[in-house]
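Computed over heavy atoms, backbone and side chain alike; hydrogens, waters and symmetry mates excluded. Note on naming: letters A, B, ... go to the chains in the order of the sequence lines (proteins, then strands), and numbering restarts at 1 for each one.
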Number of protein chains: 2
Amino acid sequence: MTNGKEDKEITIYDIAKRLKISPATVSRALQDHPRISAKTKKKIFELADEVGYRRNHFAGNLRSQKTQTIGVIVPRLNSHFMSSVIAGIELMANEHGYSLLISQSSESARKEADSAEAMFNSRVDGLMVSLAYDTNTLDHFDKFFRKKTPVIFFDRVKPHRSATSILIDNYQAAYDATKHLIEQHCKKIVHITAPPMQNVYKDRLAGYRSALEDAKIKFREENVIVTNLTQEAGYESAEKILKMKPLPDGIFVANDSCAIGCMIALKEKGIRIPEQIAFVGFNNDPMSTVIEPKLTTIAYSGFEMGEVAGRLLVNHLNSTSQINNTTTIILRSDLIVRQSSLKSPAGH
Amino acid sequence: MTNGKEDKEITIYDIAKRLKISPATVSRALQDHPRISAKTKKKIFELADEVGYRRNHFAGNLRSQKTQTIGVIVPRLNSHFMSSVIAGIELMANEHGYSLLISQSSESARKEADSAEAMFNSRVDGLMVSLAYDTNTLDHFDKFFRKKTPVIFFDRVKPHRSATSILIDNYQAAYDATKHLIEQHCKKIVHITAPPMQNVYKDRLAGYRSALEDAKIKFREENVIVTNLTQEAGYESAEKILKMKPLPDGIFVANDSCAIGCMIALKEKGIRIPEQIAFVGFNNDPMSTVIEPKLTTIAYSGFEMGEVAGRLLVNHLNSTSQINNTTTIILRSDLIVRQSSLKSPAGH
DNA sequence: TTGTATGCGTTATCAC
DNA sequence: GTGATAACGCATACAA
């Protein structure tokens with residue numbers, strides 16, 4: 001029930017006047033300042049509520065030199081994984097009164113730098129980034145580092161002495177994936193991945209290689225196919241695979257979309273999966289249960305990664321202490337076995 | 001090449017001082033004010049550039065009472081369609097100096113109202129909303145309407161005299177989808193949809209019904225299955241369908257995920273698609289080409305919808321004139337025929 | 001525990 | 001074409 005004119009914004013001055021107290025007291029009460037008596041606080045809160053007071057962020061932020069805004073730069077928005085991450089971040093941020101400024105690099109280092117610049121100009125309090133496909137330097141974040149604005153890299157990260165990283169153990173996950181194929185008696189295992197410029201692909205390649213070597217299978221350069229990991233790339237990779245002699249009997253792909261593109265193409269050529277070629281993907285995209293046979297994959301939660309990153313940043317921002325910045329957080333990932341990799345009926 | 005201390009923010013005062021002119025002139029020049037001489041403008045721009053001046057949004061917005069921020073509320077972030085819409089909005093917004101404040105309602109009218117409240121408190125210059133599953137009133141946007149803050153509904157819309165709507169012709173699309181099934185000689189066509197509370201489902205139901213009636217097929221209430229349209233719901237709907245006698249020979253589902261869930265379940269029960277039951281979905285989700293057989297569906301571009309909505313809002317905000325608000329914009333949609341609906345080999 | 005006074009960096013309204 | 005000056009709404013150092 002608002003009575004009278006609704007369109008005039010209420011300020012702390014209005015409240016102060018009506019309560020015959022000073023604006024400073026109102027300001028402090030609204031911030032739950034300890035040195036204000038419970039009584040006055042109550043009065044103030046009640047009136048504020050009644051007249052529909054809303055804090056003017058611009059005035060407050062101008063004064064306090066804080067923006068209450070977190071910048072997020074991702075390669076693309078429209079992947080299941082990334083939008084889950086954003087959802088996780090959004091949850092934490094909203095809970096703590098932060099807003100999100102979201103921007104996509106479209107997998108381009110240049111656009112990533114532009115976005116960083118824009119974020120910097122917006123004076124975000126903190127920045128969360130998953131690096132673009134071809135980012136190979138962190139120079140465009142120097143401004144943030146110099147200004148001690150916290151920067152968190154997630155999933156696609158590069159180590160930096162003044163940034164936090166959140167990721168999974170890509171090496172181990174790839175090792176497990178490859179080992180699983182070996183246990184299914186695969187002898188020639190191909191790895192489809194992106195250029196090893198990003199940690200995720202470098203580590204997955206290393207895990208793949210180690211698993212092979214531990215099983216006394218020789219690692220061969222020619223069994224690694226480097227693509228951009230899109231579904232189309234997977235489709236095209238199938239041609240290369242069909243030319244291999246002998247045909248591989250197992251393929252470990254560094255992401256699900258690409259694996260699925262490849263599977264579709266191979267199936268069209270009459271290859272039987274998993275009998276002739278077994279498949280393991282990466283990411284547990286919803287599509288992995290739609291493809292036939294269902295895709296064995298590495299699962300890790302984007303939502304959780306977003307939550308963790310968000311919580312970390314919020315804690316950092318709310319604590320006055322300078323937290324040690326160069327942390328690395330490893331989240332859990334799991335191999336999910338589905339039909340696409342099961343040569344032997346139900347785990348031999 | 002910045003020389004000296006980098007951490008002190010440059011203000012228009014600093015520029016004014018160094019150029020021995022007034023801050024007012026600097027401010028005007030930076031806004032490209034017509035009454036400032038080209039010469040002084042040039043000097044100012046150059047120096048601003050050199051010293052790395054960046055405008056303080058908070059001060060400016062406090063003064064001008066504009067936030068340069070657009071609020072976006074969507075049911076969920078992590079669907080292909082929605083993240084494409086966001087990408088489209090982001091493109092337009094960034095181009096015109098607007099930031100995006102994004103929040104998800106998680107398909108709950110209550111959370112939607114909360115988000116709207118938060119957006120209102122953040123004083124967004126404009127709001128873009130795709131309504132939650134169970135939103136049946138627009139009351140929680142009244143504050144915006146009263147304050148004449150432009151509101152644009154997209155995809156899941158409700159008509160309102162002071163809001164713009166952007167959507168596709170759901171009636172026609174559903175009509176076409178159903179007609180297509182009829183042309184494939186389907187006699188008993190089931191429709192799986194959500195409660196007709198939202199325009200999209202109401203209109204799709206109406207289109208389905210009209211197509212049937214135009215083909216002299218009696219519309220039957222019991223052939224409409226109401227669910228929440230998730231993939232799981234599709235899976236469960238399969239049970240209901242299997243109990244029908246006779247079995248339907250065509251199913252039109254109001255979205256792809258649900259269609260796919262249903263197809264998977266039916267295939268598990270040995271039903272042949274499309275021979276026994278033909279399928280048409282809605283949305284052209286990437287999954288629709290992964291499922292086997294590939295899913296016939298209605299395609300429309302989320303990215304385009306986002307772009308159009310963004311452009312409209314930006315134009316509105318930049319023009320001083322009060323544009324007629326109660327516009328409705330219909331975007332194009334297309335029936336994409338794939339194997340899931342082709343009973344007769346390749347279009348008879 | 002509360003009040004006074006000032007400044008955060010802009011933009012806008014006057015003047016000149 | 002440019003300059004002085006007053007807000008915008010809040011938070012805080014300093015008083016009381």
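Looking only at distances, no side-chain donor or acceptor of B/Ser106 sits under 3.5 Å from a matching main-chain atom of B/Ser108.
Nearest heavy-atom pair, B/Asn121 versus A/His57, reported as atom, atom and distance to 0.1 Å: O-CE1, 3.8 Å. A/Glu90 and A/Leu100 make their closest contact through CA-CD2, 3.6 Å (heavy atoms, listed as atom of the first residue, atom of the second, distance).
The side chain of A/Thr25 contributes no N or O atom lying less than 4.0 Å from OP1 or OP2 of C/dT2.
When distances run from any side-chain atom of A/Ser37 to the nucleotides C/dT2, C/dT11, C/dG3, the shortest one goes to C/dT2. You'll find that the side chain of A/Asn56 is closest to D/dG9, out of D/dG3, D/dG9, C/dG3. The side chain of A/Arg28 approaches C/dT2 more closely than any other nucleotide in the set C/dC8, D/dA4, C/dT2.
Evaluation of atom-type donor-acceptor distances gives no pair under 3.5 Å for the side chain of B/Arg54 against the base of C/dG9. B/Arg63 contributes a side-chain N or O that forms a donor-acceptor pair with the base of D/dA7 under 3.5 Å.
Within 4.0 Å of A/Ser27, counting heavy atoms only, lies at least one base atom of the nucleic acid.
In this structure, the NZ atom of B/Lys20 is 16 Å from the C1' atom of D/dG3, given to the nearest Å. Atom CZ in A/Arg35 sits roughly 13 Å away from atom C1' in C/dG3 (whole-Å rounding). For the pair A/Lys66 NZ and C/dC8 C1', the interatomic distance rounds to 14 Å; values are reported in whole Å. Distance, B/Tyr13 OH to D/dA6 P: 11 Å, rounded to whole Å. Atom-to-atom, CG of B/Leu62 to C1' of C/dG7 comes out at 12 Å; the value is rounded to the nearest Å.
Judged by the 6.0 Å and 45° rule, A/Arg54 forms a cation-pi pair with B/Phe120.
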